[in-house]
Structures are given as structure tokens and as C-alpha cells.
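Reviewing the structure listed below.
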Amino acid sequence: MINSSITADTSLDFDAVVIGSGCGGAVAAAELACAGHRVLVLEKGKYFSLSGMSGVEGEALDQLYERGGIVSTEDTGLAVLVGGTFGGGSAVNWACCLRTPDYVRQEWATEHGLKRFATVEFGDALDAICKRINVTSTGISHNRNNELFIDGCQKAGYEVEDAPQNMADVSPGASGAGFICAGDRNEITQSMTYSPARCSCSTGSCTICRSVQSV
Ligand SMILES: Cc1cc2nc3c(=O)[nH]c(=O)nc-3n(C[C@H](O)[C@H](O)[C@H](O)COP(=O)(O)OP(=O)(O)OC[C@H]3O[C@@H](n4cnc5c(N)ncnc54)[C@H](O)[C@@H]3O)c2cc1C
């Protein structure tokens with residue numbers, strides 16, 4: 001973060017500026033940096049260190065969510081949970097990683113003219129990000145609620161599968177599991193805060209700045 005090093009009006013020189021450090025912004029910034037460009041990421045949310053997060057739900061909503069977790073449509077008919085901290089939604093989300101289904105990609109391409117989604121390159125991009133954030137559906141342990149839910153579904157004849165997820169630790173008793181939406185204090189998700197920002201490229205550079213005002 002460069003905020004603390006800027007004390008007066010200054011001039012900065014970058015090849016690219018990315019607004020927002022969430023799932024989209026962080027990946028774009030990492031890709032640009034890996035391609036050798038100097039990138040500035042402007043993020044309006046505050047960065048919290050692992051020890052700086054209390055894990056208390058009310059405080060987490062205030063600190064880590066956009067508008068304290070009460071974003072809704074104009075008619076208030078639909079509530080939308082949005083992350084509002086460094087890492088965007090990835091800093092608080094539930095880590096379920098579903099690939100865009102092929103039939104949806106086809107629909108976007110044929111009915112909406114978004115042809116890129118039907119290409120092999122887009123499939124490769126999904127593979128690349130799944131690999132980078134360690135998406136897995138094997139060895140996943142479940143809490144008691146989910147165990148009961150799975151048991152009930154199976155007894156009712158439904159097919160049950162584990163949803164793929166990008167947790168660093170999916171074993172029983174993983175520290176902090178079940179509480180990541182109040183801040184990932186144990187760093188068990190591969191959120192944008194940690195994974196693309198840790199992109200091990202040596203060619204470019206990625207500088208992060210907290211923007212005081214929305215751009
Ligand atoms: C509690 C919760 C659980 C979720 N669970 C899942 C899940 O299990 N699986 C799944 O696939 N998805 C899940 N999601 C949704 C997923 O996290 C979002 O779809 C995803 O984060 C969207 O990525 P994005 O890059 O579009 O935006 P975001 O990740 O929201 O990032 C946008 C970033 O831009 C910043 N920003 C916005 N405006 C400005 C500005 N003007 N200047 C500077 N910075 C700005 C914001 O502060 C934010 O950090 C969940 C979301 C939440 C909130």
C-alpha cells in the first residue's frame with residue numbers, strides 16, 4: 001500500500017490503473033503485472049490485517065461490507081450482500097466456486113452476442129483461475145447442519161454432490177471454518193486479498209492504494 005508513503009501532492013506513473021481489488025479487479029491487476037506492466041490498484045475499502053478483524057458479526061458487517069451489508073434494490077424488494085473491503089466480495093464470500101455451465105456460456109454467446117464466453121480461451125481462463133485459487137471438491141468436511149441436510153436429501157432420494165470450493169483447508173475442524181463471512185481471520189480461503197495479490201511474477205509490479213474518494 002502506498003498511502004502512508006504519500007504525504008503531499010504527487011505524480012505517479014503507471015501503465016494501468018485498476019479500480020477495485022475484488023474478484024475481477026485483482027485478477028486483471030495480477031495478469032497485467034505478470035505481463036510486465038506497472039499496475040496501480042485503487043480500492044475504496046479499508047484493508048484489515050488478520051489480527052485487525054474481530055470476527056464479530058455486527059462489526060464485520062460495518063467494516064467489511066458495502067453500506068454495512070444493507071445494499072438493496074431501489075424498491076427494497078431484493079437485498080444484495082456486497083463486500084466493501086480490500087479483496088471485495090472475495091474477502092467475505094462463502095468460497096463456493098462453480099464453473100459457468102456450458103449451456104449458460106452458449107446462451108450468452110448465441111442470445112446476447114457475447115461470443116467470447118463460448119470460446120476455448122474462456123474455458124482455459126476458468127481452468128487457470130480454478131488452479132490459481134486451488135478449487136477442489138474432494139475431501140470436504142461438513143458441519144453438523146450440512147451433514148443433517150445431506151442425510152435428509154439422500155433419504156428423500158436426491159443426488160448430493162459437494163460444491164467445489166477454494167478453501168485452503170477443507171478438513172474437519174479447519175480453524176475459522178463457518179465464520180469466514182465475518183472476516184477470514186485464519187486465512188483459510190484463497191481470497192483475492194491473498195492469492196492473485198501473491199502472484200509470483202517477477203516481471204511487473206502491482207501497487208495498491210486506498211482511494212479516499214470514489215473514482
Ligand atoms: C457474503 C457473500 C458470500 C458470497 N458467496 C459466494 C460464493 O460462495 N461463491 C461465489 O461464486 N460468489 C459468492 N459471492 C459473490 C462474489 O463474492 C461476487 O460475485 C464477487 O466478489 C464479484 O466480484 P467483482 O470483482 O465484480 O466485485 P467485488 O468483489 O465486489 O469487488 C469490487 C471492489 O471494488 C471496490 N470499489 C467499488 N467502487 C469503487 C470505486 N469507485 N473506487 C475504488 N474502489 C471501488 C469495492 O470496495 C470492492 O472491493 C458472495 C458475496 C458475498 C458478499
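Side chains included, hydrogens not; waters and symmetry mates left out as well; all remaining heavy atoms used. Keep in mind it's a predicted model, so treat the numbers as computed, not measured. Atoms within each ligand, like the ligands themselves, are counted from 1 in listed order.
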query = ring pair (Phe, Tyr, Trp, His ring centres under 6.0 Å) with Phe122: which residues, sequence neighbours excluded?
reply =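 Partners of Phe122 by the ring pair (Phe, Tyr, Trp, His ring centres under 6.0 Å) criterion, ordered by chain and then number, come out as Phe117.
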Would you check if the side chain of [X] reaches a backbone N or O of [Y] as a donor-acceptor pair within less than 3.5 Å?
X      : Y      : result
Glu59  : Ser54  : no
Ser141 : Ser171 : yes
Thr100 : Arg105 : no

List ligand 1 atoms under 4.0 Å from [X], heavy atoms only on the residue side.
X     : answer
Gly89 : 17 (O), 21 (O), 28 (P), 29 (O), 30 (O)
Leu81 : 1 (C), 53 (C)
Leu42 : 43 (C), 44 (N)
Gly88 : 29 (O), 31 (O), 48 (C), 49 (O)

Flag yes if [X] and [Y] sit in one hydrophobic cluster, no otherwise; membership is Ile, Leu, Val, Met, Phe, Trp, Tyr, and two members link when side-chain heavy atoms are under 4.5 Å apart.
X      : Y      : result
Leu12  : Val17  : yes
Leu114 : Tyr103 : yes
Tyr65  : Val82  : no

ask   = With respect to atom 13 (C) of ligand 1, which of Leu64, Asn93, Val82, Val80 exhibits the smallest heavy-atom separation?
value =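 Answer by nearest heavy atom: Asn93.
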remark   = Min over Cys23, Gly84, Gly24 of heavy-atom distance to atom 22 (C) of ligand 1 lands on Cys23
ask   = Heavy-atom contacts under 4.0 Å between Ala26 and ligand 1: side chain, backbone, both, or neither?
value =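 Neither; nothing of Ala26 gets under 4.0 Å from ligand 1.
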Region of Thr85 that comes within reach of ligand 1 [heavy atoms, distance under 4.0 Å] = backbone
inquiry  = Is there a polar contact, in the sense of an N or O pair closer than 3.5 Å, between Tyr65 and ligand 1?
reply    =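 There is no such contact.
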request  = Give yes or no for whether the N/O distance cutoff of 3.5 Å, strictly under, is met between Cys96 and ligand 1.
outcome  =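 Yes; the residue has a nitrogen or oxygen that sits under 3.5 Å from a nitrogen or oxygen of the ligand.
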